[in-house]
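These notes concern the structure reproduced below.
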Number of protein chains: 2
Amino acid sequence: MKDHKSDLCINHILPIRDALDLISGKWKIPIISALCIHKRRFKELHRDVPGITAKMLSKELKDLEVNGLVKRTVYDTTPVSVEYAVTEYGLSLNPVIYALRDWGLKHRERMLHPEEKPVVA
Amino acid sequence: MKDHKSDLCINHILPIRDALDLISGKWKIPIISALCIHKRRFKELHRDVPGITAKMLSKELKDLEVNGLVKRTVYDTTPVSVEYAVTEYGLSLNPVIYALRDWGLKHRERMLHPEEKPVVA
DNA sequence: GTAACCGGTATACTTTGGTATAGTGGTTAC
DNA sequence: GTAACCACTATACCAAAGTATACCGGTTAC
């Protein structure tokens with residue numbers, strides 16, 4: 001008989017895979033993280049997400065908008081300006097974002113002081 | 001003067017980027033997730049992580065071992081068998097994994113019942 | 001001898017994510 | 001007229017992730 005743990009495991013992994021499908025790639029999480037702090041225009045986002053190109057920013061914002069994680073508002077200004085904000089649904093990624101940030105901070109600590117080997121659970 | 005929120009934002013993103021550097025890609029999180037449930041041999045992992053090829057599993061396990069997230073133990077059996085287990089450090093990714101799984105479950109719910117639009121914060 | 005086991009590896013290929021650079025249109029400022 | 005603004009887009013290219021398929025060595029079972 002198949003190992004129960006096997007089923008449990010697969011049912012554990014599938015939702016994780018689903019989540020990763022929406023936020024995979026180098027830039028989606030950083031973009032959402034930036035917008036969770038506050039809404040921004042394109043240029044501001046481009047400045048505040050270190051290293052990203054305009055092409056990637058534009059592309060990823062489109063994806064995130066399609067997936068309902070980000071809201072795009074066009075203003076009738078000159079020049080035209082567009083504001084991006086995280087949606088309510090996008091905000092629901094906060095636990096993921098905080099968990100990543102917390103782990104990243106501790107990982108950084110671990111890199112700086114390898115002898116201490118902080119363990120987080 | 002530069003927007004304070006800009007600095008705050010960049011300092012928020014950098015540790016997230018660090019974390020993503022270690023666990024990016026399609027398979028690392030699913031592999032660690034599987035091992036968090038219990039340790040396994042290669043074939044068992046290959047069975048329990050749906051869709052992965054032996055080549056990718058082998059490659060990603062190497063990466064994870066190098067990064068101290070997974071421990072590899074070779075047993076002097078015939079045929080040779082190797083056991084993979086998550087390390088203490090790897091276990092520290094649990095908050096990330098649970099956050100992803102929880103979000104993935106809710107996302108799935110949202111896909112199945114779009115009219116209800118569950119919001120998680 | 002053949003097949004099976006385990007834990008991979010080799011090779012070629014595909015797909016995807018990402019980068020670099022130049023350019024766009026409409027408007028305003030100088 | 002040129003430059004600047006904004007928010008992109010076009011194009012070519014690169015690198016990495018990932019896949020498909022065949023194969024490997026050492027051992028055991030039949």
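Chain A is the first sequence line, chain B the second, and so forth, proteins listed ahead of strands; every chain is numbered from 1.
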Query raised in the report: A:R72 side chain N/O closer than 4.0 Å to the phosphate oxygens (OP1, OP2) of D:dC8?
Result: yes
**Report entry** Integer-rounded Å distance: C:dC6 P and B:H46 NE2
**Finding:** 12 Å
Requested in this report: Grab the CG-P distance between A:D63 and C:dG17 for me, whole Å please.
Outcome: 8 Å
Using distance only, find each side-chain donor-acceptor pair of residues 66-80 of chain A under 3.5 Å and give its atom names and separation, not counting sequence neighbours.
unit_1 : atom_1 : unit_2 : atom_2 : d
A:N67  : ND2    : A:D63  : O      : 3.3
A:R72  : NE     : A:Y84  : OH     : 3.1
A:Y75  : OH     : A:E83  : OE1    : 3.1
A:T77  : OG1    : A:P79  : O      : 2.6
A:T77  : OG1    : A:S81  : N      : 3.1
A:T77  : OG1    : A:S81  : OG     : 3.0

Query raised in the report: For nucleotides 18-30 of chain C, read 5' to 3', which letter fits each nucleotide if B means a protein heavy atom sits under 4.0 Å from the base, S means only the sugar-phosphate is that close, and - means neither?
Result: BBB-----BSS--
Query - Protein-nucleotide distance (A:L57, atom CG; D:dT9, atom P), rounded to Å - result: 11 Å
**Report entry** Spacing between B:L22 atom CG and D:dA17 atom C1', to the nearest angstrom
**Finding:** 16 Å
Query raised in the report: Could you give the distance from NE2 (A:H12) to OH (B:Y98), rounded to the nearest 0.5 Å?
Result: 6.0 Å
Query - Phosphate OP1/OP2 of C:dG8: any B:Y84 side-chain N/O under 4.0 Å - result: yes
Requested in this report: Kindly say if A:R47 contacts the phosphate of D:dC6, meaning a side-chain N or O under 4.0 Å from OP1 or OP2.
Outcome: no
Query - For atom CG of B:D76 and atom P of D:dG26, their distance in whole Å - result: 14 Å
Query raised in the report: For the pair made of NZ in A:K62 and C1' in D:dC8, what is the distance, rounded to whole Å?
Result: 8 Å
**Report entry** Rounded interatomic separation in angstrom, taking CD1 from A:I29 and P from C:dG17
**Finding:** 15 Å
Requested in this report: Let me know the distance between NZ of B:K43 and C1' of C:dA4, rounded to the nearest Å.
Outcome: 11 Å
